[in-house]
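Here's the structure we're looking at; comments come further down.
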Amino acid sequence: MSTRKILVTSALPYANGPIHLGHLVEYIQTDIWTRFQKMQGHECWYVCADDAHGTPIMLRADKEGISPEALIAKTSEEHQADFADFNIAFDHYHSTHSDENRELASDIYLKLESAGHIAKRTISQAFDPEKQMFLPDRFIKGECPKCGAADQYGDNCEACGATYSPTELKNAVSAVSGATPIEKDSEHYFFKLGDFEAFLKEWTTSGHVHESLENKLGEWFEAGLQDWDISRDAPYFGFQIPGSDNKYFYVWLDAPVGYMASFKALCESDLGKQQGLNFDEYWAEDSDAEVVHFIGKDIVYFHALFWPAMLKGAGFRTPSKILAHGFLTLNGEKMSKSRGTFIKARTWLDHMPAEPLRYYFAAKLNNGVGDLDLNLEDFVARVNSDLVGKYVNIASRCANFITKKFDGQLTEINEAQPLVAECAAAAPQIAELYEQRDFARAVREIMALADKANQYIAEQEPWALAKDESKLPQVHDICSTGVRLFHILSIYLKPLLPALGEKAEAFLNLPPQQWSDVGQALSGHAINKFKPLMTRVQSEDIEKVLEVAAEEAKAFAEPEKKVEATNPIAEEIEFDDFAKIDLRLATIIEADHVEGADKLLRLQLDLGDETGGVKKQIFAGIKSAYDPEDLIGKTTVVVANLKPRKMRFGMSEGMVLAAGPGGEELWVLEPSSNSRGTAPSAGNRVK
RNA sequence: GGCGAUAUAGCUCAGUUGGUUAGAGCGACGCAUUCAUAAUGCGUAGGUCCCAGGUUCAAGUCCCGGUAUCGCCA
């Protein structure tokens, strides 16, 4: 097999917060693939960096009273410690706030500019007059122009899902100073993505991105490629744009360049020099090396469109592969800071070893973009059963015989023994699964072999034979075979479990194993005394992790509490205004889903005898909170004299009263029974 | 609102181009075993393949509609 040259990256973590378990899915996935490639004997380099620029970092540093440089230095240290403790083996970890990155980003920009791919035009943007800075959408808060929900960000409403521009927000305030933002003009620089449409259409459909993302990309092409705003005004923590007065690169411009910068720094490090690493060999337009980016599915747009276009326009090679993965859910739910399901890498490490999580993620990772669920009960069961009960157990149950009865010496290993042959012959297939990043299937294959090894030992019953002195040679054979099987399995598992792999190598008295060592027979080899290679995961430890996360959730939730009204009382009205509204009790007699409507239910209400038996059809936006069948028979309050309104799905002849912040948190009003246990009936007027 | 992904056993997931009786691991239950970290082996139970319609000799798989969950919308 020829040696490949592969440069691998994971997405750059933002230097504004800690690494959490969701991040780790990606780093663990990438690390496994990288370790596998290295074990194959390929020249493979894994680089990453902190993504250190942008408004959030500038503001956070400001708030903490330190410089952005000090903030990102501190964060970088924490990130690297977390990665190291999860056995993520970067060859180099850098920062986007570095000389290499400044030079490369500027170089790329200047090349794009001289090729005519940069446009400049003036746009109007929200500006904080107190803080004297332009405000990103996320830093403007106000009431949703569509549904009126309070405390929404400048780009979309979390309550009703509407999207809008920050200027449409009602009662908008700057999240930085609380001042009312004003509109202000500024010249911005744009990268003309449309110049690359033909190239990108070809590039994205020729195997560089996963096919399941092709639909998504097709949508974007259909919508038309828009110019990309790549400049920001001062004050901004980032790189000044060459030739500009006071413009800075938008953080997403220099972030992917950070991949190159980190590799460049690697080339210039002692290790890089010693290995004769050459930057151009990997990044020049005609490079025959592979460049592989692992990313989350949320940043496909940047990596599959902007990034290759930038590289193409600046005369560099484009990526070989963009590999996207899904998100992590915890016990089936989205990770959430306020619900206590947001687990930091460090919290996990404080109570649990790293490798079981690596194994569990691997056991559920494939090459698709589906989400991955960390089910904690399943995690404990799976890890203990697979690793301790199956894999380690093989060594554990054979080693004592070898040590006690045969002085630690293995016999001649019969490589033709059917199970040994089968196990060793699986190497190419398992390698292909690793190569394709179908780690879940690789794990299944490996564990099926471990099952067979345990079956073999159970059938042979070495412990029974050992009672008869004359049968000791058989015991020796059986247990040596068991150790040999354990050796092969250890190599297969090593990309997933590097630390456990090292312990296995120490027990087997072997140097660091490569993939090709699967074929090494170990005949007559002396092994060391067996010591437990790993201990079982305790569910109490998981509980401790959850307790810490719950406490952090509390601390997170409290500063969120505000005394100020989020939903102030409306303007005063006259009694006559109120009297105009005819509110009636009505019984829901029918309720159905409405075909094609995401939020609406169709209700049929009986307004009772007092009204002469009026029936009304009303469409109510309560689908997210109620199943139709649960509503039938309920008595509720309706606005009976509201002018009927034609909706897409039919006439709505009134309004059902409901309260709540929205979404699932929505309650239809129902009359309560009084102290005498009686309740009002449909038709009664509300007064 | 637009678009996408997902829905299979109590849990976590496989199910290739439609093709016998829908599988695995874990969990449960029973038996065996004791070399091994209560580890292992053998066996049993457990499924309306989200719902409804359609194509077909044949649908978990293909088509249409719906529901739910998750995600994306530069």
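Using a 4.0 Å heavy-atom distance criterion, A:Lys623 is classed as a sugar-phosphate-only contact. Among the atoms of the strands shown, base atoms are found under 4.0 Å from some heavy atom of A:Leu533. Within the nucleic acid shown, A:Asp373 comes within 4.0 Å of sugar-phosphate atoms alone, with no base atom in reach, counting heavy atoms only. Note on A:Val300: nothing from the nucleic acid sits closer than 4.0 angstrom, heavy atoms only. Here A:Pro532 lies in heavy-atom contact (under 4.0 Å) with a base. Counting any heavy atom pair closer than 4.0 Å across all strands shown, A:Asn375 reaches sugar-phosphate atoms only and no base atom. Counting any heavy atom pair closer than 4.0 Å across all strands shown, A:Phe379 reaches no nucleic acid atom.
With a cut-off of 3.5 Å on both Watson-Crick or G-U wobble distances, the partner of B:C72 is given as B:G2. Pair assignment for B:C29 gives B:G43, based on Watson-Crick or G-U wobble hydrogen-bonding distances that are each under 3.5 Å. The nucleotide B:U61 finds no pairing partner, because no Watson-Crick or G-U wobble arrangement with both distances shorter than 3.5 Å includes it. Checking B:C50 for Watson-Crick or G-U wobble geometry (two distances, each under 3.5 Å) identifies B:G66 as its partner. With a cut-off of 3.5 Å on both Watson-Crick or G-U wobble distances, the partner of B:U37 is given as none. Base pairing analysis places B:U55 opposite nothing; no Watson-Crick or G-U wobble pair with both distances below 3.5 Å involves it. When both distances must be under 3.5 Å, the Watson-Crick or G-U wobble mate of B:A9 does not exist. Checking B:A22 for Watson-Crick or G-U wobble geometry (two distances, each under 3.5 Å) identifies no partner in any strand.
Remark: P of B:C35 and NZ of A:Lys390 are 23 Å apart, rounded to the nearest angstrom. With rounding to whole Å, A:Phe327 atom CZ is found 13 Å from B:G4 atom C1'. What separates OH of A:Tyr391 from C1' of B:U40 is a distance of 18 Å, to the nearest Å. The interatomic distance linking A:Leu387 (CG) with B:U37 (C1') rounds to 13 Å, in whole Å. Counting to the nearest Å, the P atom of B:C72 and the CG atom of A:Asp298 are 7 Å from each other. A:Leu330 places its CG atom 16 Å from the C1' atom of B:U69, with the value rounded to the nearest Å. In this structure, CZ of A:Arg382 is placed 12 Å from P of B:U12, rounded to the nearest angstrom. Across the protein-nucleic acid pair, A:Asn366 atom CG and B:U6 atom P stand 11 Å apart, rounded to whole Å.
Side chain to side chain, A:Tyr360 and A:Asp378 meet the donor-acceptor criterion of an N or O pair below 3.5 Å. No side-chain N or O of A:Lys452 forms a donor-acceptor pair with one of A:Tyr456 less than 3.5 Å apart. With hydrogens and angles left out, the side-chain atoms of A:Arg437 and A:Gln29 include no donor and acceptor closer than 3.5 Å. For the residue pair A:Trp348/A:His20, the side-chain donor-acceptor check at 3.5 Å is not satisfied.
The cationic group of A:Arg232 lies under 6.0 Å from the six-membered ring centre of A:Tyr250 and within 45° of the ring axis, placing it in a cation-pi geometry. A:Phe221 carries A:Lys201 over the face of its six-membered ring, with the cationic atom under 6.0 Å from the centre and within 45° of the normal.
The distance from atom CD1 of A:Ile118 to atom CZ of A:Phe191, rounded to the nearest 0.5 Å, is 6.5 Å.
For A:Pro462 and A:Lys297, each mapped to the nucleotide of RNA chain B holding its nearest heavy atom, the one lying further toward the 5' end belongs to A:Pro462. Between A:Glu461 and A:Lys531, the one whose closest nucleotide on RNA chain B sits nearer the 5' end is A:Glu461.
If you take atom P in B:U61 and the same atom in B:G25, they sit 25 Å apart, rounded to whole Å. Between the C1' atoms of B:G66 and B:G54, the separation comes to 14 Å (whole Å). Atom C1' of B:U12 sits at a distance of 32 Å from the matching atom of B:G53, rounded to the whole Å. Spacing between B:U21 and B:C64 at atom P, rounded to whole Å, works out to 28 Å. Here the separation of B:C63 from B:U16, taken at their P atoms, is 14 Å to the nearest Å. When the C1' atom is compared between B:A68 and B:A32, the two are found 45 Å apart, to the nearest whole Å. Nucleotides B:U56 and B:U17 have their P atoms positioned 22 Å apart, rounded to a whole Å. With both ends at atom C1', the span from B:A58 to B:U20 equals 11 Å, rounded to whole Å.
Of the candidate nucleotides B:A36, B:U37, B:C11, B:C11 has the atom nearest to the side chain of A:Asp378. When each of B:U33, B:C70, B:U40 is scored by its nearest atom to the side-chain atoms of A:Asp371, the top-ranked nucleotide is B:C70. Distance from the side chain of A:Val388 is smallest to B:U37 among B:U37, B:C35, B:U40. Of all nucleotides listed (B:A36, B:U34, B:A39), B:A39 comes nearest to the side chain of A:Arg536. The side chain of A:Ala381 has B:C26 as its nearest neighbour among B:C70, B:U37, B:C26.
The shortest distance between the side-chain N/O atoms of A:Gln455 and the OP1/OP2 oxygens of B:C42 is below 4.0 Å. Between A:Lys364 and B:C13 there is a side-chain N or O to OP1 or OP2 distance below 4.0 Å.
In this structure, A:Phe401 has its ring center no closer than 6.0 Å to that of A:Phe406. Less than 6.0 angstrom separates the ring centroid of A:Phe306 from the ring centroid of A:Trp228.
With A:His525 contributing its side chain and A:Asn509 its backbone, the two residues share a donor-acceptor pair below 3.5 Å. Not one N or O on the side chain of A:His351 forms a donor-acceptor pair closer than 3.5 Å with the backbone of A:Leu546.
RNA chain B lies under 4.0 Å from at least one heavy atom of each of the following residues of residues 436-454 of chain A: A:Arg441, A:Arg444, A:Asp451, A:Asn454.
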